[in-house]
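The figures here come from the full heavy-atom set of this structure, side chains too, leaving out hydrogens, waters and symmetry mates. Chain identifiers are assigned alphabetically (A, B, ...) following the order of the sequence lines, protein sequences preceding nucleic acid strands; residue numbering begins at 1 within each chain.
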There are 2 protein chains.
Amino acid sequence: MAKRTQRRADRLSREVIVKAATDLLDTGGEAALTLRAITSRLSTGYGAVYHHVENKSDLLAAATDDIIAGVMTGVVVDAEPREALRTVALGLFDAIDAHPWVGAQLSREPWRPALLEIYECIGGLLDALGVPGQALFDAAGALVNYVLGVAGQNAANARAHVAGEVDRTAFLSAIAAQWAELDPGKYPFVHKAAARLPEHDDREQFLSGVDIFLAGIATLR
Amino acid sequence: MAKRTQRRADRLSREVIVKAATDLLDTGGEAALTLRAITSRLSTGYGAVYHHVENKSDLLAAATDDIIAGVMTGVVVDAEPREALRTVALGLFDAIDAHPWVGAQLSREPWRPALLEIYECIGGLLDALGVPGQALFDAAGALVNYVLGVAGQNAANARAHVAGEVDRTAFLSAIAAQWAELDPGKYPFVHKAAARLPEHDDREQFLSGVDIFLAGIATLR
DNA sequence: ACCTGAACACCGTTCAAGT
DNA sequence: ACCTGAACACCGTTCAAGT
């Protein structure tokens with residue numbers, strides 16, 4: 001007789017399913033997260049998965065919440081607010097760099113718990129910084145969106161060479177070369193920027209942006 | 001005999017395919033853009049479409065480039081730089097609000113022509129504003145990402161009630177009610193923000209963020 | 001060169017049936 | 001309650017064949 005597929009010994013749980021999903025996403029990107037891949041990795045069936053998880057969207061959201069919760073719980077709230085803000089921002093940047101799919105998910109379904117956690121943390125720190133009244137809410141919205149926007153763009157670039165076919169510097173050099181060929185009359189800024197592209201540090205530029213932001217917020221006080 | 005499907009009279013072109021794709025995306029969101037929907041709407045076959053377009057990704061990128069080009073060509077470059085920046089930012093915000101799929105596409109494939117156009121415009125205006133040297137590139141990167149980040153988030157919210165099942169205010173009220181129920185001890189900021197959520201104007205908050213940014217950039221001069 | 005449409009190799013999700 | 005896996009209704013893409 002043909003051997004039957006081995007059924008898993010221990011019980012399934014939402015937790016192990018989310019863990020498996022995270023592994024798949026980290027290894028192969030969003031395209032690698034399929035229900036078939038999940039069932040075969042966990043030696044189970046579709047019904048079993050759907051018993052613990054509402055659908056694929058729910059699964060992706062749960063995996064995202066886990067990653068963000070990991071970043072937010074590590075934040076020391078009683079540090080100097082300005083420094084704490086930089087730490088949180090950088091923590092989010094690095095987490096999204098390590099898990100590019102998190103960035104896409106946060107902007108796809110912004111009403112899920114993960115973004116709430118982020119708003120609370122950044123809003124609270126801006127409050128501690130002394131930003132007053134209505135400006136506080138504008139500033140929080142702006143800063144959260146800046147952080148997620150840059151981190152997401154960076155992640156998209158990272159995703160472009162996830163398979164290892166081309167490495168990061170080669171990818172950026174190729175774009176820089178393309179930009180350098182543009183007509184300097186029509187594209188003066190991008191033409192100049194091309195020279196800086198291969199050597200620039202994404203993390204540092206990200207922090208520069210945060211500082212610009214904080215400088216702008218300081219004028220509101 | 002069964003009647004054969006009518007073949008289209010005029011010749012197909014990349015342009016009409018992109019136009020049809022834009023209509024489908026605007027009407028039914030990203031899920032509505034399928035090769036089947038395109039072929040049936042244009043009374044043609046798969047091969048015909050693939051003859052003018054590389055693949056679905058290429059089609060989505062081309063549609064995005066069209067929308068962004070429409071925004072950027074309308075910009076008056078010799079206006080006062082500060083005012084021109086606000087105009088461009090608002091133009092992008094409104095375009096992404098009207099075509100939510102554009103926001104997602106720009107962050108999915110940031111190396112395509114559309115983003116180049118945006119960088120050139122915003123970078124050029126910041127240059128005209130007198131932002132010096134290295135700071136210019138940091139500032140341009142930060143501002144572009146802020147604009148696309150907020151516009152994208154706003155579009156994601158808009159997408160959530162695209163079908164018309166729930167209107168905008170009802171959707172925001174529902175989220176606000178959810179936030180208001182959170183423990184004020186654990187979520188003081190979000191709890192307070194809940195009260196402002198239903199009445200707040202996304203466009204205005206977006207512009208407030210741009211102003212914070214420009215104020216921060218002014219400190220670099 | 002331009003177009004047709006059957007066929008291929010996938011998807012997410014459901015559900016009757018099992019334990 | 002928890003799990004199985006065949007089946008359903010879709011996808012994007014290819015390609016031999018037509019004009």
(request) Rounded off to whole Å, could you give me the CG-to-P distance for the B/Leu35 and D/dT14 pair? (result) 10 Å
(request) Nearest whole angstrom, please: distance from the C1' of C/dG12 to the CD of A/Glu30. (result) 15 Å
(message) Let's test this: given Watson-Crick or G-U wobble pairing with both distances under 3.5 Å, identify the partner of D/dA1.
(response) C/dT19
(request) Check the distance between C/dC2's P and B/Leu12's CG and give it to me in whole angstrom. (result) 10 Å
(message) So, taking the atom named CG in B/Asp65 and the one named CG in B/Leu60, what distance separates them when rounded to the nearest 0.5 Å?
(response) 10.0 Å
(request) Could you pull out the closest heavy-atom pair between A/Pro110 and B/Asn157, with the gap in Å? (result) CG-OD1, 3.7 Å
(request) Check the distance between C/dT13's P and A/Leu60's CG and give it to me in whole angstrom. (result) 11 Å
(request) Give the rounded distance in Å between these two atoms: OH of A/Tyr46 and P of D/dA7. (result) 13 Å
(request) Determine the Euclidean distance between corresponding P atoms of D/dA17 and C/dC2; express it in Å to zero decimal places. (result) 22 Å
(message) Between C1' on D/dC3 and CG on A/Asp10, what's the gap in Å once rounded to a whole number?
(response) 13 Å
(request) Starting from C1' on D/dG5, measure out to NE2 on A/His51 and report it in whole angstrom. (result) 16 Å
(request) Pick base, sugar-phosphate or nothing for B/Leu33, based on heavy-atom distances below 4.0 Å to the nucleic acid. (result) sugar-phosphate
(request) Please check if the side chain of A/Ser107 supplies one atom and the backbone of A/Ala104 the other of a donor-acceptor pair under 3.5 Å. (result) yes
(request) Just compare D/dC3, D/dT13, C/dG12 and give me whichever is closest to any side-chain atom of B/Tyr50. (result) D/dT13
(message) Nearest whole Å is fine: how far is C/dG12 C1' from A/Ile17 CD1?
(response) 15 Å
(request) With C1' as the reference atom in both, quote the distance from D/dA16 to C/dC3 in angstrom, rounded to an integer. (result) 13 Å
(message) By nearest atom, which of the nucleotides C/dC3, D/dG12, C/dG12 is closest to the B/Lys56 side chain?
(response) D/dG12
(message) Whether A/Arg11 contacts D/dC2 is assessed here as follows: a side-chain N or O lying under 4.0 Å from the phosphate OP1 or OP2. Is that the case?
(response) yes
(message) My understanding is that a pair needs two contacts under 3.5 Å, Watson-Crick or G-U wobble. By that rule, which nucleotide pairs with C/dA7?
(response) D/dT13
(request) Ignoring the backbone of A/Arg36, work out which of C/dG12, D/dT4, D/dA1 is nearest its side chain. (result) C/dG12
(message) Could you check whether A/Arg108 pairs with B/Glu30 (Lys NZ or Arg NE/NH1/NH2 to Asp/Glu carboxylate O, under 4.0 Å)?
(response) no
(message) Of the options C/dC11, D/dC3, D/dT13, whose atoms approach the side-chain atoms of A/His52 most closely?
(response) D/dC3
(request) Check B/Asp26, B/Thr64, B/Asp66 against B/His99 for a side chain to side chain donor-acceptor pair (under 3.5 Å) and give me the one that passes. (result) B/Asp26
